[in-house]
Protein chains: 2
Amino acid sequence: MTTDIKERQAIRRSSNVPAYSQLADILEQQIAALTDEERARALPSEGDLSRQYGLSRITVRQALKSLESKGLVYSAQGRGSFPTLQRVTGISGFHSFTAEVRRNGQEPGTVILATSEVDRLPASIAEKLPVAEGEGGPQVHLRRLRLIDGLPIAVEDAWLPKALFPDLRPADFTDGSLYSLLADRWGLEPAWTDALIEPDRAAPEVAQLLAIDPGDPVLVAWRVTVTAEDKVFERVRSIYRPGFSLRVARYRLG
Amino acid sequence: MTTDIKERQAIRRSSNVPAYSQLADILEQQIAALTDEERARALPSEGDLSRQYGLSRITVRQALKSLESKGLVYSAQGRGSFPTLQRVTGISGFHSFTAEVRRNGQEPGTVILATSEVDRLPASIAEKLPVAEGEGGPQVHLRRLRLIDGLPIAVEDAWLPKALFPDLRPADFTDGSLYSLLADRWGLEPAWTDALIEPDRAAPEVAQLLAIDPGDPVLVAWRVTVTAEDKVFERVRSIYRPGFSLRVARYRLG
DNA sequence: GTTGACAGGTTGTTATGACATGCTAATGTG
DNA sequence: CACATTAGCATGTCATAACAACCTGTCAAC
């Protein structure tokens, strides 16, 4: 065997990736590989990590803080830092549908139903998710049917602001991940999302798309996603079929 | 007028509350009082705050970081720190029901329907939200009807682990905030929650409690809440009436 | 045996300092 | 006037240092 688990990864100081970020990635990877038994034990102390990787304690703490904000570890004064248990996995509807389904070990599918360009955000979504000044301008609209392992799961209507994505054309849309496209071409990534979730009955045309009966109980989610700089990234209305459940994992309280 | 908006609050160094936390509270309060116009402008720079409050830049940054993690501000390198827009308000079902409804300017109501003690967590909730080793022991069960302005909104079943709340008795439950009781007597506070949300039809007994028709579409939420140290705080199943929408605000992506 | 004091290790808080990186607006140049 | 340059200011990263607060296990005293 040439690979050795104890092989210690090093921090590249010449890299443009910050040291704390590199350390966070290393720790995240190591934690993911732990058994349940090992998860009950503390991680190496800040002092140990500092010496091991040749970093100051401030940098080590920055790495641990970033893992803590993602809900992967917690720290207890006087005791140490510990991995958390991951309790819920599945589809949240908040991240990239493609990525979430794949991570769940299933096969995502997407059918583009319609695309268009509109001068203003439709009133139907504007009244659910308040629109700030200057946000309601020209949008690109995209209607998709989402499938998991070939089964229709949701009907999604998305509006993308042309102000944020200049030169975005309906023709750019493919079956692939929309988020990847936006990241590659405009370097923009979603950072936060607000959502409204409510129960409803399936309208006839939605029922037909989801292969359910009209009037069946469905879940309707309205989302607005923003970048780290609080720019509206997209607005989405999703209608999920009965029997499907949304999972909201690691929501920070207080 | 004796009150002056420009009256500058000071940091109490002798307080047991950390300086960065005091500063974060001050800034949060000031940001909340800003007009929409003022929100577009940058906050004072880190250097300014450092001089104004007599704190090091590290401490100022710590305060800003804590506000950033709550989604109240964002920082842009080379430009400054800015307040974010608050887009969604309402009831998330994740925090204290009492507190959320009050903050929304409405009047919360609670009717205790039943209380009991059980030796094990019921299988119905255990299969929705996985139970780790040692978590399924004795629980105190609480069934409540939730009202907003007198209108029945949800039926909630909560299970609280006796391991975390020794001496908790069904008789301790009142119409007041359960979270306040737990914080006061055991010093424990919820930090994270995982949830599963799905559409369903109202069962007859639930329909009667919510004053809706059997078969009406309802929203069912299963939640597990944990403390900062990843101990299970409570498990809850909530059934919400049609027309009511859950809000998930400021969910961190990536 | 139980209790209490204590030592040692851990995270929490805070300071000072330095340099890197990115943005804005003023400046200067053609 | 239009445009490139640049100085200054903003946040980002990282180091060293010190003390506070807290937890756990050890060991002595009762």
Side-chain angles (χ1 to χ4, degrees), chain A residues 10-27 40-69 72-84 187-189 191 227-231, chain B residues 10-27 40-69 72-84 187-189 191 227-231:
Chain A
I11 305 289
R12 279 180 243 281
R13 302 311 289 258
S14 60
S15 165
N16 52 342
V17 179
Y20 78 90
S21 184
Q22 293 183 47
L23 177 56
D25 290 344
I26 292 172
L27 292 177
R41 285 205 290 274
L43 298 171
S45 77
E46 295 174 357
D48 287 348
L49 290 171
S50 170
R51 280 183 292 275
Q52 249 184 55
Y53 291 96
L55 300 169
S56 77
R57 203 180 140 214
I58 272 200
T59 304
V60 171
R61 278 179 68 78
Q62 208 170 346
L64 289 172
K65 267 289 175 199
S66 88
L67 294 180
E68 186 175 3
S69 79
L72 295 175
V73 306
Y74 67 92
S75 297
Q77 189 171 353
R79 294 201 292 132
S81 297
F82 303 81
T84 56
L188 290 169
E189 287 184 8
T227 66
E229 298 201 347
D230 208 32
K231 304 263 189 209
Chain B
I11 306 289
R12 279 180 243 279
R13 303 311 290 258
S14 60
S15 164
N16 53 342
V17 179
Y20 78 89
S21 184
Q22 293 184 48
L23 177 56
D25 289 344
I26 291 171
L27 292 176
R41 285 204 289 273
L43 298 173
S45 75
E46 295 175 357
D48 286 348
L49 290 171
S50 170
R51 281 183 290 275
Q52 248 183 55
Y53 291 96
L55 300 169
S56 77
R57 204 181 138 214
I58 272 200
T59 305
V60 171
R61 279 180 67 78
Q62 210 171 344
L64 288 172
K65 268 287 175 200
S66 86
L67 294 180
E68 186 175 1
S69 79
L72 294 175
V73 306
Y74 69 91
S75 296
Q77 189 170 355
R79 293 200 294 132
S81 297
F82 303 81
T84 55
L188 290 168
E189 287 185 7
T227 66
E229 298 201 348
D230 209 32
K231 305 263 189 207

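Below, read A as the first sequence line, B as the second, and so on, with proteins coming before strands; counting in each chain starts at 1.
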- Item | Between C/dT16 (C1') and B/R61 (CZ): distance, integer Å | 15 Å
- Task: Look at all strands and tell whether B/A42 reaches a base, only sugar-phosphate, or nothing, counting heavy atoms closer than 4.0 Å.
- Result: nothing
- Message: Whole angstroms only, please: what is the CD-P distance between B/E229 and C/dG12?
- Response: 10 Å
- Audit row: A/I58, B/I58, side chain to side chain contact (heavy atoms under 4.5 Å, CB included) steps and yes/no: CA-CA 10 Å; A/I58 272 200; B/I58 272 200; 3.7 Å; yes
- Rounded off to whole Å, could you give me the CD-to-P distance for the A/Q62 and C/dT13 pair? 15 Å
- Query: Please give, in whole Å, the distance from C/dA15 C1' to A/I58 CD1?
  - Reply: 10 Å
- Query: With nearest nucleotides of DNA chain C determined for B/G54 and A/S45 from heavy-atom distances, which residue corresponds to the more 5′ nucleotide?
  - Reply: A/S45
- The reported gap from CZ in A/R51 to CZ in A/R57 (rounded to nearest 0.5 angstrom) is 11.0 Å
- Just by modelled atom types, is the A/D230 backbone N or O under 3.5 Å from a matching donor or acceptor in the B/T84 side chain? no
- Item | Close residues, residues 13-22 of chain B, relative to DNA chain C [heavy-atom separation under 4.0 Å] | B/R13, B/P18, B/A19, B/Y20
- Query: Side chains of B/S69 and B/S66: donor-acceptor distance under 3.5 Å anywhere?
  - Reply: no
- Do B/R79 and A/E229 sit within salt-bridge range, that is, some charged N less than 4.0 Å from a carboxylate O? yes
- Would you confirm whether A/S50, through its side chain, and A/L55, through its main-chain N or O, come within 3.5 Å as a donor-acceptor pair? yes
- Query: Does the side chain of B/L72 come within less than 4.5 Å of B/P83's, by heavy atoms?
  - Reply: no
- Quick one: on DNA chain D, does B/L64 or A/R57 contact a more 5' nucleotide (nearest heavy atom)? B/L64
- NA contact type, A/T59, heavy-atom cut-off 4.0 Å: base, sugar-phosphate, or nothing? sugar-phosphate
- Task: State, yes or no, whether a side-chain contact exists between B/V17 and B/R12 at a heavy-atom distance under 4.5 Å.
- Result: no
- Protein proximity profile, nucleotides 20-26 of chain C - base contact B, sugar-phosphate-only contact S, no contact -, cut-off 4.0 Å on heavy atoms: -BBSS--
- Considering only heavy atoms from C-beta outward, does the side chain of B/K65 approach that of B/Q62 to under 4.5 Å? no
- For B/V60, which of B/L27, B/D48, B/L23 qualifies under side chain to side chain contact (heavy atoms under 4.5 Å, CB included)? B/L23
- Which two nucleotides bound the region of DNA chain D that has atoms under 4.0 Å from heavy atoms of chain A, read 5' to 3'? D/dT13 to D/dT24
- Item | Nucleotide C/dA15, atom P - distance to CG of B/L23 in whole Å | 11 Å
- Are any side-chain N or O atoms of B/T227 and backbone N or O atoms of B/E189, one a donor and one an acceptor, separated by less than 3.5 Å? no
